[in-house]
There are 4 protein chains.
Amino acid sequence: MTSSHVHRSLKEKQRQEREELILKVAQDVFLERGYHETSMDEIASRVGIAKGTVYLHFPGKDDLVIAIFERDMQEILRQMDACLDCQTSPQAKLEALLHFMYAGLFSKRTQLLSSIYHSADMKRLFAEKGGCLRDLWDQVAHRVAQLLDEGKARGDFDATLPTSIMTSTFLSLLSPKSYERLLAEGRFVPDDIVTHTGKIFFRGIQAKH
Amino acid sequence: MTSSHVHRSLKEKQRQEREELILKVAQDVFLERGYHETSMDEIASRVGIAKGTVYLHFPGKDDLVIAIFERDMQEILRQMDACLDCQTSPQAKLEALLHFMYAGLFSKRTQLLSSIYHSADMKRLFAEKGGCLRDLWDQVAHRVAQLLDEGKARGDFDATLPTSIMTSTFLSLLSPKSYERLLAEGRFVPDDIVTHTGKIFFRGIQAKH
Amino acid sequence: MTSSHVHRSLKEKQRQEREELILKVAQDVFLERGYHETSMDEIASRVGIAKGTVYLHFPGKDDLVIAIFERDMQEILRQMDACLDCQTSPQAKLEALLHFMYAGLFSKRTQLLSSIYHSADMKRLFAEKGGCLRDLWDQVAHRVAQLLDEGKARGDFDATLPTSIMTSTFLSLLSPKSYERLLAEGRFVPDDIVTHTGKIFFRGIQAKH
Amino acid sequence: MTSSHVHRSLKEKQRQEREELILKVAQDVFLERGYHETSMDEIASRVGIAKGTVYLHFPGKDDLVIAIFERDMQEILRQMDACLDCQTSPQAKLEALLHFMYAGLFSKRTQLLSSIYHSADMKRLFAEKGGCLRDLWDQVAHRVAQLLDEGKARGDFDATLPTSIMTSTFLSLLSPKSYERLLAEGRFVPDDIVTHTGKIFFRGIQAKH
DNA sequence: AATGAATGAGGTTTCATTCAT
DNA sequence: CATGAATGAAACCTCATTCAT
């Protein structure tokens with residue numbers, strides 16, 4: 001009984017690990033090559049499994065991408081909350097958020113998020129299959145909007161600016177592609193860029209005294 | 001002789017007009033459907049010509065996209081210069097630039113530009129085939145950077161911020177996708193958004209007094 | 001103008017001939033191998049064209065089979081009518097029908113018709129895509145039923161037998177598969193078989209005197 | 001020792017029961033969906049066992065179908081003989097046969113038998129793997145032929161008709177598909193149809209007096 | 001013995017590109 | 001020139017079969 005249970009749980013664990021691996025690899029390949037330039041064959045062979053095996057985990061290519069986005073968004077939300085707990089003022093929280101989104105592992109996730117908003121075919125895909133993603137993204141945007149409103153209430157941020165536009169502007173800073181060249185040129189490290197960009201944004205929304 | 005020459009030139013004019021039309025239509029379709037979801041068939045049939053005819057103007061699908069980007073960038077440069085002439089202060093010029101990039105016809109071009117920076121497959125395409133585009137984009141960035149430096153020299157902009165980062169931030173504002181939802185919700189018109197966003201940016205880079 | 005028209009019509013003619021050829025070849029292959037054992041590759045290569053070309057004529061494998069059935073049924077109806085004109089009594093007409101259905105070229109078509117009624121997957125296909133086929137087959141059955149009723153009215157056929165059952169029995173004679181072995185053994189030619197089978201049927205439905 | 005033997009025999013019995021169950025279920029699914037539309041997965045899951053287990057009983061999908069046909073034919077032969085014992089005249093025996101073949105449980109088997117004769121891929125399968133089936137079917141045909149000859153000898157049936165053709169015609173009546181529509185329309189019950197069809201056949205082969 | 005995850009050959013379909021007319 | 005039929009490489013996906021557990 002116990003052995004059987006352990007056995008089950010082991011198999012299940014292996015299954016989940018494999019699924020996780022597929023998601024990870026697929027994310028990389030999609031980022032490198034783009035959705036259409038990536039074949040299921042390539043994903044499978046990079047994972048080191050057969051094409052058919054991928055289909056045991058995800059019913060189709062579409063669903064694989066959706067799953068990647070979903071996992072990423074959930075992780076981002078989770079980490080966002082964790083990171084918001086450690087700070088006090090709304091501005092400090094938003095700054096922490098910015099830094100976190102660009103930090104090591106998350107730059108990939110942030111890039112994917114940004115691609116949602118920028119490629120016509122992905123948008124289509126989400127319109128058709130990604131109902132749940134809309135909610136998750138709304139939660140991200142909602143958290144940001146809340147912090148901005150909180151800052152306004154405290155008199156930190158300019159209350160005459162519409163929160164929705166501030167939110168959009170803040171989120172548009174989460175498009176790491178714009179900074180890739182800066183990084184590529186090697187004159188800055190990510191933290192520099194985020195710090196400066198953040199400074200521009202927060203000065204920009206500061207309440208006039 | 002003369003008649004033949006006129007004939008030639010007429011033909012040539014028609015040819016150019018058609019090429020222009022193909023570029024225009026293709027741009028629309030690419031924006032609607034995305035690169036991979038758009039077939040040469042669809043472009044040809046929307047233009048009202050045969051598929052083969054498209055290949056008389058552009059050697060391949062890749063080159064067609066490159067040509068679109070090239071044309072757009074050149075047009076943007078041209079209009080940018082025109083629009084910069086009408087203003088006096090660097091900030092006024094940059095504001096005019098922002099408004100212009102979102103104005104009617106240019107929103108499409110701006111969207112395409114933004115997609116350069118955000119989709120993995122386009123980037124690859126440009127890396128392989130789009131040598132000339134790099135130069136054009138550098139010119140755009142250069143104009144912005146010049147204005148920012150000019151502003152710094154006049155004491156308008158904060159000289160402690162690295163110009164390259166300011167430039168990047170400014171250009172990242174040219175990602176209309178971020179605002180699509182704001183527009184879709186119907187609470188703002190493009191000009192509102194640009195005005196507010198610009199306000200944030202320019203306050204953000206203002207020199208401290 | 002005329003030349004263009006002729007040109008058009010020539011192209012169109014070639015197109016139709018090619019389509020006809022595909023239908024013919026596909027019918028043969030489907031008969032030999034069955035629907036699922038036949039690949040589009042095989043059809044194309046037997047016709048001597050590329051796989052993609054088949055798809056210029058038929059949107060999918062399904063539609064190809066449907067088209068074959070439709071063409072066959074229409075041809076059968078046409079020939080049936082022709083063959084019914086040459087005879088006088090209902091029985092003579094039905095006998096002519098039987099012979100005609102087994103005659104040279106039609107044995108193939110008859111075999112296909114029969115396969116409609118006997119394979120589970122074909123039935124499914126027709127249920128989904130073959131609306132028009134149902135009508136055509138009904139016309140065939142209707143013609144037979146009419147002849148049987150006519151014969152009853154003349155006092156030739158037994159009026160106590162339900163026409164629908166007589167029709168079914170008659171049509172079940174159109175299943176050449178049952179006779180293949182007889183033919184294969186070489187002791188009979190098709191006409192013998194049809195003659196004897198017909199004799200059994202017509203005696204069977206004869207009015208009692 | 002004895003216990004081990006009993007154990008063995010118990011296991012063996014369970015094994016046979018499961019094999020029987022697989023055959024039964026597979027038959028149903030093949031009839032519903034057709035050979036190619038049926039996956040080994042579906043069969044296994046309907047039986048309630050793992051896919052691999054099916055392969056412990058049958059080396060492949062082909063062999064499973066062959067086994068079904070073999071079992072069905074053997075059962076038909078067994079039941080045929082039983083049913084022939086209860087009747088006296090050849091005609092009564094053949095009539096009993098007809099009714100029996102359409103009776104409740106046997107309609108399925110009859111349908112499968114009929115599909116042997118009507119689908120190209122099944123024929124191929126039997127040509128390659130189904131040596132034994134040929135013999136069994138010959139036995140069925142032989143029994144019918146014997147009865148017909150017996151009837152001829154008694155002066156019941158028309159001796160001028162070739163027995164082989166009479167046999168073929170009789171067996172072609174065993175194609176329940178032809179009657180499905182009659183049944184579907186709801187105007188007849190199976191027994192009506194068989195009775196009328198049989199009447200046509202037996203009148204058709206009756207000796208002239 | 002039983003399982004079911006893994007495999008990979010094979011099938012259908014799409015579409016950028018070519019080329020004879 | 002312009003056309004659009006033809007091509008065939010390449011993608012997605014299924015499923016019979018195997019094999020480690």
Side-chain angles (χ1 to χ4, degrees), chain A residues 4 7-8 10-12 14-15 18-19 36-45 47-64, chain B residues 11 14-15 18 36-45 48-64, chain C residues 4 7-8 10-12 14-15 18-19 36-45 47-64, chain D residues 11-12 14-15 18 35-45 48-64:
Chain A
S4 151
H7 190 246
R8 275 282 176 91
L10 176 67
K11 279 231 163 178
E12 183 55 26
Q14 284 181 338
R15 195 197 133 79
R18 161 95 46 127
E19 195 158 307
H36 286 280
E37 307 277 355
T38 301
S39 72
M40 293 299 267
D41 258 316
E42 168 135 21
I43 292 170
S45 82
V47 177
I49 58 179
K51 199 178 4 180
T53 309
V54 180
Y55 285 91
L56 293 179
H57 293 266
F58 306 95
K61 202 184 178 184
D62 304 351
D63 310 85
L64 178 52
Chain B
K11 278 246 166 176
Q14 285 181 338
R15 198 194 131 80
R18 185 161 51 197
H36 287 279
E37 308 277 356
T38 301
S39 70
M40 293 299 267
D41 259 314
E42 169 136 22
I43 293 170
S45 83
I49 58 179
K51 194 171 22 174
T53 310
V54 180
Y55 283 88
L56 294 178
H57 291 265
F58 306 95
K61 202 184 177 184
D62 303 350
D63 310 88
L64 178 52
Chain C
S4 150
H7 189 247
R8 275 281 176 90
L10 176 67
K11 278 231 165 179
E12 183 54 26
Q14 284 181 338
R15 196 196 134 78
R18 160 96 44 126
E19 193 158 311
H36 286 280
E37 306 278 353
T38 301
S39 72
M40 293 299 267
D41 257 318
E42 168 134 24
I43 293 171
S45 81
V47 177
I49 59 180
K51 204 177 359 181
T53 309
V54 181
Y55 284 89
L56 293 179
H57 293 266
F58 306 95
K61 202 185 177 185
D62 303 352
D63 311 85
L64 178 52
Chain D
K11 277 247 166 175
E12 182 55 26
Q14 285 181 337
R15 198 194 130 80
R18 184 160 52 196
Y35 177 72
H36 287 280
E37 308 277 356
T38 299
S39 71
M40 293 299 267
D41 260 314
E42 169 137 21
I43 292 170
S45 84
I49 58 179
K51 193 169 24 170
T53 310
V54 179
Y55 284 88
L56 294 179
H57 292 266
F58 306 95
K61 200 183 178 186
D62 303 351
D63 311 86
L64 178 52

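Sequence lines set the chain letters: A, B, ... in the order given, protein chains first and strands last, and positions in each chain run from 1. Remember, it's a predicted structure, so these values are computed and weren't measured experimentally.
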_Looking at every non-hydrogen atom in both residues, tell me the closest pair between B:K51 and B:D41 and how far apart they are._
NZ-OD2, 3.2 Å

*Separation of A:E12 atom CD from E:dG4 atom C1', in whole Å?*
13 Å

*So what does D:I49 hit on the nucleic acid, given a heavy-atom distance under 4.0 Å: a base, only sugar-phosphate, or nothing?*
sugar-phosphate

*asked:* Rounding to an integer number of Å, can you tell me how far B:M40 CE sits from E:dT14 P?
replied: 19 Å

*When the nearest nucleotide of DNA chain E is assigned to A:G48 and to B:H36 on a heavy-atom basis, which residue is associated with the more 5' position?*
A:G48

*asked:* Could you tell me how far apart C:K11 (NZ) and F:dA5 (P) are, to the nearest whole angstrom?
replied: 7 Å

*Would you mind pulling out the nucleotide paired to E:dA1, Watson-Crick or G-U wobble, both distances under 3.5 Å?*
none

*Considering only heavy atoms and no angle criterion, is a donor-acceptor pair shorter than 3.5 Å present between the side chain of A:K51 and the base of E:dG10?*
yes

*Over how many whole Å does the gap from C:L56 atom CG to E:dC15 atom P extend?*
13 Å

*Taking CZ from C:R15 and P from F:dA5, how many angstroms apart are they, rounded to a whole number?*
7 Å

*asked:* For a quick check of understanding: with a heavy-atom distance under 4.0 Å over all strands, which category does C:T38 fall into, base, sugar-phosphate or nothing?
replied: sugar-phosphate

*Could you state the CD1-C1' distance from C:I43 to E:dT12, rounded to the nearest angstrom?*
11 Å

*Start at the 5' end of DNA chain F and walk down; is the nucleotide closest to A:K61 or to B:A50 reached first?*
B:A50

_Which residue lies more 5' along DNA chain F, comparing C:V54 with A:E37 via nearest heavy atoms_ = C:V54

*asked:* If you assign each of B:Y55 and C:D41 to its closest nucleotide in DNA chain E, which residue comes earlier from the 5' end?
replied: C:D41

_Using a heavy-atom cut-off of 4.0 Å across all strands, would you classify B:R18 as base, sugar-phosphate, or nothing?_
sugar-phosphate

_Closest approach of D:M40 to D:G60 (non-hydrogen atoms, all atoms of both residues)_ = CE-C, 4.5 Å

*Whole angstrom is fine here: how far is it from CG in A:D63 over to P in F:dC12?*
13 Å

*Is D:S39 touching bases, backbone alone, or none of the nucleic acid, heavy atoms closer than 4.0 Å?*
sugar-phosphate

*asked:* Please determine whether a side-chain nitrogen or oxygen atom of C:T53 lies at a distance below 4.0 Å from atom OP1 or OP2 of F:dA5.
replied: no

_Distance check needed: F:dT17 C1' versus D:H57 NE2, whole Å only._
16 Å

_On a heavy-atom basis, which atom in A:R18 and which in A:H57 lie closest, and how many Å separate them?_
CG-NE2, 3.4 Å

*Might you work through the side chain to side chain contact (heavy atoms under 4.5 Å, CB included) test for B:L64 and B:I43, ending with a clear yes or no?*
CA-CA 11 Å; B:L64 178 52; B:I43 293 170; 3.9 Å; yes

*Would you say D:Y35 and D:D62 make side-chain contact, with heavy atoms under 4.5 Å?*
yes

